[in-house]
Structures are given as C-alpha cells and as structure tokens.
Novice: 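Next up is a structure, given as structure tokens.
Since this is a predicted model, take the numbers as computed values, not measurements.
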Amino acid sequence: MSSTVPKVAPPKAGAREWAGLAVLALPTLLLALDQSVLFLALPHLAESLNPTGTQTLWIMDVYGFLCAGFLVTMGTLGDRIGRRKLLMIGASVVGVASLLAAFSTSAEMLIVTRALLGVAAATLMPSTLALISNMFQDARQRGRAIAVWASCFMGGTALGPVAGGVLLEYWWWGSVFLLGVPVMLILLVSAPFVLPEYRDPNGGRIDLISVALSLAAILPVIYGLKEIAREGWEPAPVLAIVAGLVFGALFARRQRTLEHPLMDLSLFKRGAFTASLLILMFAMAAMGGSYLFITGYLQMVEGLSPVEAGLWMVPSAIASIVAATLAPTLVKRLPMGVVIGGGLGVTTIGYLLLAFVDPVGGLPLLVAGFVVAFLGTGPIGALGTNLVVSSAPPEKGGSAASVSETSGQFGVAFGLAALGSLGGALYQSRIAVPDGLSGDAADTVRAGIEGAVAEADKLQGALGDQVLTAAREAYTSGLNTVAVVCAALAAVTAILAMTALRKVGGDGGAHGAHGAPEGGEEVTAEGTLQPAQGR
C-alpha cells in the first residue's frame with residue numbers, strides 16, 4: 001500500500017517581500033531607460049567630446065555588447081556567491097560608473113565607463129529575477145511579481161526618450177547618466193532590509209574557460225548582427241557570427257563535461273522552458289525590428305522631435321503594461337498556450353494595421369497598430385519570463401534568468417539586423433530620386449532616409465520638397481513590408497505557443513494526449529512548472 005507525501009503549501013509573501021519587489025523594480029526601470037536615452041544625448045555629447053565616427057559607434061554599442069556577453073556568467077555567479085551580494089556589488093559599480101560617464105572629459109573615457117556600465121548591468125537583471133523567485137514562492141504571487149517586473153521594463157523603454165528629452169532641455173548631456181545614481185543609492189540602502197540572500201551552497205567554482213567560451217560565443221554574434229543592421233551583409237559580420245556559433249558549440253560541449261557547469265543544459269530538455277525562450281526571442285525580434293521603423297517614421301516622416309516621438313510611444317507601453325498585469329489572472333482560467341498564443345494573435349493584427357500606414361496622414365493608424373501589437377506582446381513578457389525562471393530549481397534561478405535575458409538580447413539584435421536590412425534594401429530599391437541632383441547628393445538620398453532629409457534641408461524650393469516626398473514614400477513602403485513580415489513572425493510564434501505550451505494549463509492539470517509535461521514536471525495553477533514531488 002503506497003503512501004503519498006502531503007504537499008505543503010508554499011508560504012505567502014508579505015509586506016517585506018512586496019517592498020523588496022518595489023526596490024527590485026528600480027534597476028529594471030533604470031536599465032530600460034538607459035537603452036533609449038543615449039540616442040537623444042548623442043548629438044550633445046558629440047559637440048562636447050568630438051568623438052570620431054568609430055568612437056561614436058563604440059559609445060553607442062559597447063554597453064549592449066558587454067551586457068549581453070556577461071549575462072550568463074553573472075547569472076551563475078549570483079547563484080554561487082549570493083544574489084543579493086552580486087546585486088549590491090553591481091549597483092555600486094553602476095552608481096560610480098554613472099558618475100564617471102556623466103563627467104567624462106574625452107570620448108575614450110566615456111567608452112570605458114560605458115563598458116563598465118555594461119558589465120555591471122549584466123549583474124542586475126538576472127539577480128532581480130532570481131531574487132523574485134526566492135521571495136515569491138507562491139506561484140500566483142510570483143506570477144504577479146514577474147508581471148510587475150516585466151511592466152517596469154516595458155514602461156522604462158517608452159519613457160526613456162521623454163525623460164532624456166526633459167533632462168537635455170534644462171541640463172547638459174551628462175545629466176542622462178546621473179539618473180542611475182539616486183536609483184542605485186536607494187537600492188543599496190534598502191536591499192539589506194527588504195531583500196533576502198540566497199546562494200547555492202553546492203554550486204562549486206566558476207569555470208573560467210567556460211566564461212571565456214561564452215564571451216567568445218555571444219559577443220561576435222551580437223556584434224555581427226548589429227553590423228549587419230548598420231552596414232548590410234558584409235563578409236566581416238557574417239564571419240563574426242559564424243565564429244560565435246563555433247565557440248557556442250565548444251561552450252555547449254564543455255558544459256556537458258563539467259560537474260558544475262556555467263550553464264545547466266539539462267534545462268533545455270524541458271519542452272516548455274525551451275519553447276518559452278524561442279517565443280520570447282521571436283517576439284522580441286519582431287518588436288525590435290518594428291520599433292526601429294516606428295521611431296524612424298515618427299521622426300523622419302512625421303518630422304517629430306525625439307521627445308514628441310517618445311510621447312507618441314507611451315500609449316503602446318501602457319497597453320503592454322496592462323496586458324502584462326492582466327496575464328496572470330487570465331492564465332488561472334485558460335491554458336498558458338491560449339493566453340500567450342491569443343496575445344500574439346492580437347499582435348499579428350496590430351502589425352497588419354501597420355501595413356496600411358500612408359506617408360501622409362498615417363500617424364493615427366501607426367499609433368493604433370503599435371498599441372494593438374504591444375497589447376498582444378504583454379502576456380509573453382510576463383508569463384514567458386515566469387515560466388523560464390520557475391522551470392529551474394531554486395539553486396539555478398540566476399542561471400535561468402540570465403538565459404531568459406540573453407534570449408531577449410539575441411531577439412532584439414536579430415530583429416534589428418534582419419528587418420533593418422530588409423527595410424533598408426526596400427527603401428533603396430523603391431526611392432525615386434528626383435532629377436536635378438548632383439551625383440553625390442543622389443547617392444546620399446538613395447542610401448537612406450536620414451541622408452535624404454539632410455539633403456532636402458539644404459535644397460531650396462520644389463526640389464527639396466520632391467526629395468522629401470520621395471524619401472518618405474519609399475521609407476513608408478519599406479515599413480509596410482516589414483510590418484507584414486512581423487505579422488507573419490507573430491502568427492508563427494502564436495502557433496508555436498499554442499502547440500508547445502498546450503500542456504501548461506490553468507486548472508492545475510496537463511493538457512494534451514501525453515498526460516503530464518515532460519521531464520517529471522507538474523503544472524501549477526498559475527501555469528508554471530515545478531519538479532514533481534511525492535511520487
């Protein structure tokens with residue numbers, strides 16, 4: 001006669017945990033702001049520091065390169081030495097590096113401080129997510145907490161241009177970096193009181209060869225994708241991507257031989273874990289590529305300032321926040337695959353609306369389409385991240401969180417590269433360069449809408465208007481086609497979600513013909529996966 005071990009309900013989070021979530025939301029909001037605010041400050045700092053073209057590119061890119069490259073290492077490091085400890089170390093470095101960046105006296109100094117900020121930022125995101133999984137052990141509360149976390153990231157992305165514009169209106173370019181100082185001070189003062197400490201006592205040492213291999217895998221791929229988005233399909237970025245993939249294979253091979261790997265590849269055997277990562281990556285690819293063209297349309301076609309463009313992006317961020325907040329409630333009544341897949345179906349409709357935007361008077365439809373698209377992506381930001389983090393055992397929470405963040409970074413980089421290249425090629429093939437331009441001017445107009453707008457400003461009368469009209473028509477045509485591609489990608493991702501996540505249900509049971517989910521897991525009432533117990 002078999003006996004079953006009674007399940008003990010996990011403890012509910014109290015006031016301290018919710019206060020801790022508010023503290024963890026601060027670095028999340030800050031990092032999202034930092035990704036968009038530098039674009040506004042670039043013209044101002046260029047006047048002060050006089051960087052070369054290469055230095056300007058490094059100022060823009062070094063932060064993202066190193067943040068993406070060190071995510072996996074820092075996620076696992078937090079599991080080993082303590083997540084709160086790593087968070088506080090990273091916050092201290094961010095605060096100091098922000099001060100140094102704000103008062104940089106040369107382009108070289110700013111590049112170094114931006115690099116330091118990128119490495120420090122890589123400590124914050126996995127630590128915040130992993131600590132949330134420690135603080136909120138009840139599945140329902142954890143789902144809501146991660147929804148709040150995802151909402152902060154989405155909101156910060158939209159508010160970046162607005163906040164940066166206000167600062168640059170009244171202060172110097174370095175003020176945009178000072179945003180991080182008070183935020184990090186609040187975190188450092190509050191963390192010891194409201195955040196728990198957690199580390200894996202049996203985590204072992206960090207394998208430095210694995211760290212080197214992970215950097216050699218991630219950095220060339222991110223670099224290659226960014227260069228393809230900027231320069232097109234040149235040999236150098238393609239070779240960088242190939243080299244990164246080779247090092248990635250060597251990294252994966254080494255992880256299988258280590259007692260304490262830097263990344264636990266066994267997590268990928270869980271179907272829902274891997275499917276969630278793919279869905280996150282594809283959704284972020286479509287979002288990143290479409291975001292590029294939306295902001296370009298607002299500024300180059302509609303002629304709005306960066307701050308005005310940022311304000312028009314706020315409704316889409318609000319829609320995404322609302323959807324992310326409601327998603328944990330919906331998944332209690334519907335299978336996760338239906339909620340995420342249905343949301344991506346809504347996103348598909350939003351992108352299809354963008355396919356009908358006109359170069360003249362298209363602003364209302366553009367804003368409506370992007371609001372609908374962001375509304376549909378809200379659930380995957382909250383539920384997908386929750387599923388990835390909760391699929392891992394507690395001691396691997398930081399590693400799982402870092403994989404989730406890295407997946408999103410790859411998605412955005414791929415979207416910018418692939419869709420940016422597509423839109424650029426479409427613009428160049430469809431631009432009708434007016435007669436009367438010199439050879440150099442015609443080449444500039446044909447190269448991209450930024451050059452066309454600059455040339456139109458130099459020209460007088462009707463010829464300038466013709467250049468501007470032709471450029472706006474070609475750019476909008478490219479936007480329409482990119483929107484169709486994004487719609488197709490969202491539709492395919494919706495099918496993937498409904499198929500791969502069909503066993504993750506909201507009624508505490510599994511769906512589908514095969515019974516319980518893969519890997520000896522059981523499904524909670526909130527659609528998260530946990531190791532099976534008491535069997």
Side-chain angles (χ1 to χ4, degrees), residues 21 25 28-29 32 129 132 139-160 275-277 279-291 294 312-354 366-390 404 407-408 411-412 415 483 486-487 489-498 501 504-506 526-528:
L21 177 63
T28 304
L29 186 64
L129 266 178
I132 287 174
R140 180 180 300 180
Q141 289 185 325
R142 183 172 59 249
R144 293 198 176 280
I146 291 181
V148 171
W149 179 91
S151 298
C152 289
F153 191 82
M154 298 167 188
T157 302
L159 292 176
S276 296
L277 288 176
I279 294 166
L280 278 168
M281 185 172 66
F282 292 153
M284 292 303 295
M287 186 181 296
S290 61
Y291 197 94
I294 295 296
W312 279 110
M313 300 297 289
V314 170
S316 61
I318 294 174
S320 185
I321 290 170
V322 170
T325 304
L326 292 177
T329 300
L330 293 175
V331 83
K332 288 190 293 183
R333 297 173 173 83
L334 297 169
M336 182 177 284
V338 172
V339 176
I340 293 178
L344 291 169
V346 171
T347 296
T348 303
I349 296 173
Y351 287 137
L352 289 176
L353 291 176
L354 297 178
L366 178 104
V367 173
F370 214 44
V371 167
V372 173
F374 263 49
L375 181 70
T377 56
I380 182 58
L383 300 178
T385 302
N386 184 21
L387 182 56
V388 170
V389 175
S390 62
S404 174
S407 174
V412 172
C486 288
L489 183 59
V492 171
T493 309
I495 295 172
L496 173 62
M498 290 185 175
L501 302 181
V504 184
E526 270 51 60
T528 60

Novice: Between atom CE of M336 and atom OG of S276, what is the distance when rounded to the nearest 0.5 Å?
Specialist: 7.0 Å
Novice: Please report the shortest heavy-atom distance between S316 and F374, naming the atom on each side.
Specialist: O-CB, 3.3 Å
Novice: Which heavy atom of T348 sits nearest to which heavy atom of A487, and what is that distance?
Specialist: CG2-O, 3.5 Å
Novice: Would you give the length of the straight line joining atom CD of Q141 to atom CG of L21, rounded to the nearest 0.5 angstrom?
Specialist: 10.5 Å
Novice: Shortest non-hydrogen contact from P379 to A323?
Specialist: CD-CB, 3.9 Å
Novice: Nearest 0.5 Å, what's the CG-CE distance between L489 and M287?
Specialist: 11.5 Å
Novice: Which distance, rounded to the nearest 0.5 Å, do you find between the CG of L334 and the OG1 of T329?
Specialist: 11.5 Å
Novice: With side chains defined as the heavy atoms from C-beta onward, is the minimum distance between L129 and W149 less than 4.5 Å?
Specialist: yes
Novice: Determine whether T325 and R144 satisfy the following criterion, side-chain hydrogen bond (donor to acceptor under 3.5 Å, both in side chains), listing intermediate values before the conclusion.
Specialist: CA-CA 7 Å; T325 304; R144 293 198 176 280; over 6 Å; no
Novice: If I compare all heavy atoms of V331 with all of P328, which pair ends up nearest, and what's the gap?
Specialist: CG1-O, 3.4 Å
Novice: Is any side-chain heavy atom of Y291 less than 4.5 Å from a side-chain heavy atom of F370?
Specialist: yes
Novice: Closest approach of I380 and T377, non-hydrogen atoms and distance?
Specialist: CG2-O, 2.9 Å
Novice: Check G345 against A494 and note the closest heavy-atom contact, atom names and distance.
Specialist: N-CB, 4.1 Å
Novice: Working to the nearest 0.5 Å, report the span between OG of S407 and CG of L277.
Specialist: 5.0 Å
Novice: To the nearest 0.5 Å, tell me how far I294 CD1 sits from M313 CE.
Specialist: 6.5 Å
Novice: Would you say the side chain of L344 lies within less than 4.5 Å of the side chain of I279, judging by non-hydrogen atoms?
Specialist: yes
Novice: Short question: side chain of T347, backbone of A490 - any donor-acceptor pair under 3.5 Å?
Specialist: no
